[in-house]
Amino acid sequence: MLGYGFMGEAHANAFARLPMFVDDAPAVERDVLIGRDEAALAEAADRLGFARTATDWREVVDEVDAFYNLGPNDVHPEPTITALEAGTPVLCEKPLAPTLSAAERMATAAADAGVPTGVGFNYRYVPAIQYAKELIEAGELGEIRQFRGRYLQDWLVDPDAPASWRTDAERAGSGALGDLGAHTVDLARFLVGEIERVSGQTTTFVDERPAADGTGTEPVTVDDAYGAQVRFDNGAAGTLEASRVAPGRKNDHTIEVEGTEGAVRFSLERLNELEVLGSENRGFETVLVTETDDPFLDHWWPPGHVLGWEHTFVHENDAFLSAVADGTSYSPGFADGLAVQRVLDAIQASDERGEWVAVGQ
Ligand code: 4PW
């Protein structure tokens, strides 16, 4: 596993929970943790339960049954492609890459390797999202007409919040668009289908921020927020939005889907609930998705004993590592990551050109 920050902890927690809660979970040996700072790496390996450490990914990506790339976006392509060329399955965090061309190279390497690949779109594994998907596929909403997805956070509202790789276009590719919008685009594809064209805008409100090491300032070269209108292949219309400068919004990923016969609404801040339009069309009913027959809930607690954000990673890792163990394909894989990246790229192009842009195939 390359990286031991926020996402490293989320995945390591999932590895530890798998044998405790998922009956037929694949056995996971936490072998080698990769990073550059030896002291911090040793501390993290000990805390996260890894047997050994490596400061050079080149030395180990061909020695393991699966490689997790949880580094900054600019560290996604090279180690991932090298691992795939060695025949090692890879799970890479989102967005797949900082640029469309890098994402294309990664997807090509994945197709050539023919091994399971995964992209960290963990919100597909929220039970309420799975339940919404079941309703849509069963035709309960009729023909899907509209999708609305927004993802709001507030950690960059303060102009003195420090710069980081996440505010640097060379390293991240984009800001709120790739960091948050990638998840929303993935759910749009998952629930409604492929996006055909977009009209988008990106905005940067704070142009420079204090450098993280306390020496002066650094320019902000990514967007603080984006918005887009989209048209799906199947004729549905949608709007997408994300911001990292939305005061009071900590992690509000809200999804609404409307069809000819019904509608559903979801917010990550209430992730055990799905709002479903009642059959009498007299308002939404809040459905608690906490019964043992709801998706994934049989692994956990008695009905009503709610799940949290970290459980999505357990479900995601169960599915991905089962595919690795069984040699089957996995979705969302790199083809999905590339499809999302094409939409992100089209939104950036639309902002630059001031016009609707077709999403490349
Ligand atoms: O899901 C979110 C992300 O993709 C997380 O809440 C944090 O914000 C980490 O990266 C983004």
Side-chain angles (χ1 to χ4, degrees), residues 1-14 48 68-76 91-98 103 118-130 149-158 161-169 171-191 202 209 212 220 222-226 240-255 266-272 307-317 320 332 334 336-337 339-341 343-344 347:
M1 187 168 94
L2 186 160
Y4 48 86
F6 188 3
M7 288 304 115
E9 290 174 344
H11 286 283
N13 174 64
L48 302 179
Y68 276 55
N69 192 333
L70 315 179
N73 301 349
D74 62 328
V75 181
H76 290 182
L91 186 137
C92 184
E93 267 305 334
K94 39 53 57 182
L96 186 56
V119 182
F121 294 129
N122 60 303
Y123 297 124
R124 286 195 188 197
Y125 293 94
V126 173
I129 292 291
Q130 290 279 334
R150 64 164 209 226
Y151 198 157
L152 307 178
Q153 296 183 348
D154 70 355
W155 56 280
L156 285 176
V157 168
D158 181 353
S164 70
W165 68 265
R166 289 176 189 271
T167 56
D168 178 354
R171 305 204 61 198
S174 63
L177 175 63
D179 191 24
L180 307 179
H183 282 299
T184 313
V185 171
D186 179 61
L187 290 186
R189 294 183 63 249
F190 184 56
L191 296 172
T202 62
R209 292 183 175 276
V220 172
V222 299
D223 56 289
D224 286 321
Y226 88 98
L240 313 175
E241 179 189 8
S243 173
R244 302 193 292 198
V245 294
R249 304 295 185 177
K250 303 301 174 187
N251 201 30
D252 173 14
H253 196 190
T254 295
I255 302 292
F266 167 80
S267 169
L268 185 61
E269 290 183 337
R270 303 181 73 90
L271 69 77
N272 291 273
L307 299 193
W309 182 79
E310 71 275 25
H311 293 92
T312 63
F313 289 85
V314 182
H315 309 151
E316 176 187 26
N317 280 288
F320 176 68
F334 279 20
D336 296 288
V340 168
Q341 200 93 30
V343 177
L344 303 180
I347 291 170

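We count ligands from 1, going down the list as the structure has it; atoms in each ligand are counted the same way.
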Enumerated ligand 1 atoms positioned under 4.0 Å from heavy atoms of [X]:
X      : answer
His183 : 1 (O), 3 (C), 4 (O)
Phe6   : 7 (C), 9 (C)
Tyr123 : 1 (O), 2 (C), 6 (O)

With heavy-atom distances below 4.5 Å as the criterion, would you say the side chains of Ile255 and His253 are in contact?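 Contact flag for Ile255/His253 side chains = yes.
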
Between ligand 1 and Lys250, can you find any atom pair, the residue atom being a heavy atom, that is separated by under 4.0 Å? no

Does ligand 1 have an atom that lies less than 4.0 angstrom from a heavy atom of Glu93? no

Could you check atom 2 (C) of ligand 1 against the protein and tell me its nearest heavy-atom contact, residue, atom and distance included?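 Looking at atom 2 (C) of ligand 1, the protein heavy atom closest to it is Tyr151 OH, 3.1 Å.
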
Looking at atom 10 (O) of ligand 1, what's its closest protein heavy atom, distance included? Asp179 OD1, 3.3 Å

Arg244 bridged to Asp223 by N-O distance under 4.0 Å: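 Salt bridge between Arg244 and Asp223, a charged N being under 4.0 Å from a carboxylate O: no.
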
Can a salt bridge be assigned to the pair Asp168 and Arg171 using a cut-off of 4.0 Å between side-chain N and carboxylate O? no

Of the choices Thr312, Asn251, Leu268, Leu180, which has the non-hydrogen atom that lies closest to atom 6 (O) of ligand 1?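 Heavy atom nearest to atom 6 (O) of ligand 1 belongs to Asn251.
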
No-hydrogen, no-angle side-chain donor-acceptor test under 3.5 Å, Gln153 and Asn251: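 There is such a pair (donor and acceptor under 3.5 Å, judged by atom type) between the side chains of Gln153 and Asn251.
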
Would a distance-only check, ignoring hydrogens and angles, find a side-chain to backbone donor-acceptor pair under 3.5 Å from Arg166 to Ser174?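 Between the backbone of Ser174 and the side chain of Arg166 there is no qualifying donor-acceptor contact (under 3.5 Å).
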
Whether Asn272 side chain and Leu307 backbone form a donor-acceptor pair below 3.5 Å: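 Such a contact is found between Asn272 side chain and Leu307 backbone.
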
Polar proximity ligand 1 side, Gln153 side, N/O cut 3.5 Å exclusive: yes

Could an N or O of ligand 1 be found under 3.5 Å from any N or O of Trp309, whether backbone or side chain? no

Taking the ring of Trp309 and the ring of Phe6, is the distance between their centroids below 6.0 Å? yes

